[in-house]
Amino acid sequence: MNLKEQVANLMSKQTSPTLIKNPQHKKEAVSTLSKLGIPQNSEFFDFFSNYYGSDLKRRCGASPLVDPAPPQKYLLHAAFVAHDAWEVPEQYILFSTGEGEGGYLYNKDDGTVWDYYVGKQELLGTDALPHWNSFYEFMVWYLTGTDDEE
């Protein structure tokens, strides 16, 4: 089973609704992702144009994700916080709540995901910060187990 199939399987086991069924919500999600410059052929675009990411049962201690689609529609605000307040480079999109002055950043240039904390900007793109090589790799981690099991 490839990573996309693993994510679909894990999302199907969630207790809250995860698929975006409302056509207007899907249209708004696609519009938000496009405004942020997320490549349409990326895993990130595929996931957030088809699924709601908030309210997911997730790894213990993992930050909640935000959505580009209603009812939450928080992704543009999260990106603004990361770029303007935290001075994170534009290619990184914050897609978690940002509580605790940190969160998960998606690099729209190479598809990697970074576990970021304010004040660690110089470590972005280096092995000094925890990261995943793809968005679906991150989602499999996010939706399974605990850090104690690794």
Side-chain angles (χ1 to χ4, degrees), residues 1-14 16 18-20 26 28-69 72-150:
M1 186 180 321
N2 66 35
L3 288 172
K4 182 176 180 174
E5 292 167 337
Q6 287 180 50
V7 170
N9 183 45
L10 292 165
M11 292 297 286
S12 73
K13 295 177 182 176
Q14 292 289 317
S16 62
T18 58
L19 281 174
I20 299 174
K26 185 172 181 93
E28 289 184 40
V30 167
S31 174
T32 298
L33 294 165
S34 296
K35 285 178 189 172
L36 290 169
I38 307 296
Q40 289 188 6
N41 64 345
S42 70
E43 294 174 351
F44 190 91
F45 191 98
D46 181 63
F47 180 85
F48 280 112
S49 63
N50 289 296
Y51 295 105
Y52 291 109
S54 61
D55 300 324
L56 297 176
K57 288 190 319 185
R58 62 189 181 272
R59 176 178 293 270
C60 183
S63 299
L65 304 186
V66 298
D67 285 314
Q72 191 181 34
K73 199 177 178 181
Y74 188 72
L75 193 61
L76 283 173
H77 175 71
F80 174 80
V81 167
H83 298 150
D84 288 357
W86 297 353
E87 298 180 351
V88 169
E90 290 291 320
Q91 78 261 30
Y92 294 97
I93 304 298
L94 176 65
F95 65 98
S96 61
T97 60
E99 295 172 1
E101 297 196 349
Y104 304 118
L105 299 176
Y106 173 72
N107 183 333
K108 61 186 179 180
D109 290 347
D110 67 11
T112 56
V113 173
W114 298 83
D115 192 356
Y116 176 77
Y117 296 94
V118 174
K120 303 288 184 185
Q121 179 180 341
E122 72 281 356
L123 301 178
L124 276 172
T126 73
D127 286 334
L129 279 182
H131 64 281
W132 297 264
N133 293 322
S134 77
F135 182 74
Y136 284 148
E137 181 181 303
F138 165 80
M139 287 305 299
V140 168
W141 171 86
Y142 186 81
L143 296 171
T144 58
T146 65
D147 287 331
D148 295 337
E149 295 174 353
E150 295 182 333

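All residue numbers refer to positions in the sequence shown, counting from 1.
One finds the OH atom of Y117 at 12.5 Å from the CG atom of L123 (value rounded to the nearest 0.5 Å). To the nearest 0.5 Å, atom CG of residue L65 and atom CE of residue M139 are 5.5 Å apart. Considering NZ of K73 and OG1 of T32, their distance stands at 5.5 Å, rounded to 0.5 Å. Distance check, rounded to the nearest 0.5 Å: CZ of R59 to CG of L143 gives 9.5 Å. Between atom CD1 of residue I38 and atom CZ of residue F95 there is a gap of 10.0 Å, rounded to the nearest 0.5 Å. Once rounded to the nearest 0.5 Å, the distance linking CG of L36 with CG of L76 reads 5.0 Å.
Legend: residues meeting side chain to side chain contact (heavy atoms under 4.5 Å, CB included) with S54, ordered by chain and number and at least two apart, are D67, Q72. Applying the side chain to side chain donor-acceptor pair (under 3.5 Å) criterion to Y116, with sequence neighbours excluded, gives no partner residue. Among residues two or more places apart in sequence or in another chain, the ring-ring contact (aromatic ring centres under 6.0 Å, His included) test is passed with F47 by Y51, F135. Looking at residues two or more places apart in sequence or on another chain, you find no salt bridge (Lys or Arg N to Asp or Glu O under 4.0 Å) involving D115. Every residue was checked against the side chain to side chain donor-acceptor pair (under 3.5 Å) condition with K120, not counting sequence neighbours, and none meets it. Partners of T97 by side chain to side chain contact (heavy atoms under 4.5 Å, CB included), not counting sequence neighbours, listed by chain and number: P64, V66, E99. Scanning for side chain to side chain donor-acceptor pair (under 3.5 Å) contacts around D110 gives N107, T112, with sequence neighbours left out. The side chain to side chain contact (heavy atoms under 4.5 Å, CB included) search around S31 returns K35, not counting sequence neighbours. When the salt bridge (Lys or Arg N to Asp or Glu O under 4.0 Å) test is applied to K26, no partner is found at least two apart in sequence or on another chain. The side chain to side chain contact (heavy atoms under 4.5 Å, CB included) test applied to K13 returns N9, not counting sequence neighbours.
Residues A62 and Y142 approach most closely at CB-CE1, 3.6 Å, considering heavy atoms. Annotation for L75 and L94: closest pair CD1-O, 3.5 Å, computed over non-hydrogen atoms. For the pair G53 and F48, the tightest heavy-atom approach, listed with the atom from each and the gap, is CA-CE2, 4.2 Å. A78 approaches S96 most closely through the heavy-atom pair CB-O, 4.1 Å.
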task: Just do the side-chain contact (heavy atoms from CB on, under 4.5 Å) check on F44 and V113 with the steps written out, would you?
output: CA-CA 10 Å; F44 190 91; V113 173; 6.0 Å; no
- request: Let me see the working for Q40 and S34 under side-chain contact (heavy atoms from CB on, under 4.5 Å), right down to the final yes or no.
  value: CA-CA 8 Å; Q40 289 188 6; S34 296; 4.1 Å; yes
task: Might you work through the side-chain contact (heavy atoms from CB on, under 4.5 Å) test for S16 and Y52, ending with a clear yes or no?
output: CA-CA 9 Å; S16 62; Y52 291 109; over 6 Å; no
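Judged purely by distance below 3.5 Å, without hydrogens or angles, the side chains of Y136 and D46 pair a donor atom with an acceptor atom.
Looking only at distances, no side-chain donor or acceptor of Q14 sits under 3.5 Å from a matching main-chain atom of M11. Distance alone, capped at 3.5 Å, places no donor-acceptor pair between the S63 side chain and the G103 backbone.
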Could you pull out all donor-acceptor pairs under 3.5 Å where a side-chain atom in residues 127-134 meets a protein atom, sequence neighbours excluded?
from: H131; atom 1: ND1; to: L129; atom 2: O; distance (Å): 2.9
from: S134; atom 1: OG; to: E43; atom 2: OE1; distance (Å): 3.4
from: S134; atom 1: OG; to: E137; atom 2: N; distance (Å): 3.0

Anything under 3.5 Å between a donor and an acceptor, one on a side chain of residues 81-91, the other on a protein residue two or more places apart or in another chain? List them.
from: H83; atom 1: ND1; to: A79; atom 2: O; distance (Å): 3.2
from: H83; atom 1: NE2; to: Y92; atom 2: O; distance (Å): 2.6

